[in-house]
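Because the structure is predicted, anything quoted here is derived from the model rather than measured. Position 1 is the first residue of the sequence; numbering continues from there.
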Amino acid sequence: TKLILLDSLLQEEIYIEMGNFVGRTMEDNLEKNQKFMQEMNRITMERQIQMQNQMRERMAAAQIAKARDMFLWFGSFYAIAGTGMLAGFLRTRKPAVIAPLLPLTFIVGYQADLAYGNKLNRIKAEAENIMEFERDLIEIPSGLPTLSTIDTARFQLQKNDGN
């Protein structure tokens, strides 16, 4: 009986040691897995930020290209219309013939500043000023949505669809 008791104690001791070994290995693997998941989440977030920034840059480039194209059209119209108005003024000597040149000059000047000038830099500076000193103008009504408000709305929608 002493041998069996000693044998059962040794088996218990070995089991406890093996249990600790298996538990420690599982904890190590869990910790490594958590670190791996955190790294993957960080990389995914960095990729999303980079992708959104590249999309923003492409959209901005497309808007600048559109402004430049629009300037070419306005500039061409202004040149043709201005030439016609000046010719009409020289023929008739009536100032009303060249009066439309004043607003057209402002429109073409604005478009030229937008397309080739520093207007976009001034707009960016004003946007930064608004973000820094006038945050109340850009806040979302009722604040940012939270998970609880989203879930409440979702459950309400499911409840209404069920009826």
Side-chain angles (χ1 to χ4, degrees), residues 23-90 92-163:
R24 199 173 321 121
T25 303
M26 286 178 57
E27 287 176 14
D28 290 344
N29 284 339
L30 181 62
E31 188 177 321
K32 287 178 186 176
N33 193 20
Q34 286 175 340
K35 286 180 182 178
F36 175 75
M37 292 300 291
Q38 287 175 343
E39 181 66 15
M40 290 307 297
N41 285 340
R42 186 186 63 77
I43 290 170
T44 300
M45 185 63 70
E46 287 175 357
R47 282 181 161 173
Q48 287 177 352
I49 291 169
Q50 187 64 276
M51 180 186 67
Q52 288 177 353
N53 188 50
Q54 286 183 14
M55 292 302 294
R56 182 196 58 79
E57 288 175 346
R58 290 175 184 177
M59 294 290 285
Q63 287 177 341
I64 293 169
K66 182 179 177 182
R68 289 180 178 179
D69 183 61
M70 187 67 87
F71 172 69
L72 291 176
W73 282 92
F74 279 147
S76 298
F77 173 75
Y78 181 76
I80 293 169
T83 304
M85 287 181 222
L86 285 174
F89 174 73
L90 292 175
T92 63
R93 298 285 180 201
K94 293 182 181 176
V97 175
I98 59 169
L101 272 180
L102 182 64
L104 282 177
T105 302
F106 281 103
I107 292 171
V108 171
Y110 176 88
Q111 200 64 33
D113 189 25
L114 180 64
Y116 294 102
N118 64 355
K119 182 157 194 66
L120 291 176
N121 292 333
R122 293 191 315 268
I123 290 171
K124 180 182 168 189
E126 185 60 25
E128 289 172 353
N129 184 49
I130 290 169
M131 289 185 72
E132 188 172 341
F133 300 111
E134 301 177 66
R135 295 246 1 130
D136 58 315
L137 297 176
I138 58 174
E139 288 176 358
I140 296 175
S142 301
L144 286 175
T146 63
L147 288 176
S148 63
T149 60
I150 292 169
D151 285 341
T152 302
R154 190 171 56 90
F155 290 139
Q156 188 66 35
L157 184 64
Q158 286 176 353
K159 183 180 175 184
N160 291 341
D161 286 346
N163 290 333

Just wondering, more than 12 heavy atoms not from [X] lying within 6.0 Å of its [atom1]?
X      : atom1 : result
Leu147 : CG    : no
Arg47  : CZ    : no
Tyr116 : OH    : yes

Practice task
From the options Glu128, Glu132, Glu134, select the one residue that forms a side-chain contact (heavy atoms from CB on, under 4.5 Å) with Ile130.
Solution key: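 Answer after filtering Glu128, Glu132, Glu134: Glu134.
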[Y]/[X] salt bridge by N-O under 4.0 Å criterion:
X      : Y      : answer
Asp151 : Arg154 : yes
Glu39  : Lys35  : no
Arg122 : Glu126 : no

Handout entry: Contact check, side chains of Leu157 and Asp161, non-hydrogen atoms, under 4.5 Å
Key = yes
Exercise for the section: Measure the shortest side-chain to side-chain distance between Gln111 and Trp73 over non-hydrogen atoms and say whether it is less than 4.5 angstrom. Expected result: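 They are not in side-chain contact.
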Quick check for you: to the nearest 0.5 Å, what is the distance between [X] atom [atom1] and [Y] atom [atom2]?
X     : Y     : atom1 : atom2 : value
Leu86 : Leu90 : CG    : CG    : 6.5 Å
Gln52 : Arg56 : CD    : CZ    : 11.0 Å
Gln38 : Asn41 : CD    : CG    : 8.0 Å
Glu31 : Phe36 : CD    : CZ    : 15.5 Å
Gln63 : Met70 : CD    : CE    : 12.5 Å
Ile64 : Asp69 : CD1   : CG    : 14.0 Å

Contact summary for [X] and [Y], nearest pair of heavy atoms:
X      : Y      : value
Ala115 : Phe71  : CB-CB, 4.1 Å
Thr105 : Tyr78  : OG1-OH, 2.7 Å
Leu101 : Gly82  : CD2-CA, 3.6 Å
Leu114 : Leu120 : CD1-CD2, 3.8 Å
Leu104 : Met85  : CD1-CE, 3.7 Å
Pro100 : Ala96  : CD-O, 3.6 Å

Problem - Full working for side chain to side chain contact (heavy atoms under 4.5 Å, CB included) between Ile49 and Glu46 - result: CA-CA 5 Å; Ile49 291 169; Glu46 287 175 357; 5.7 Å; no
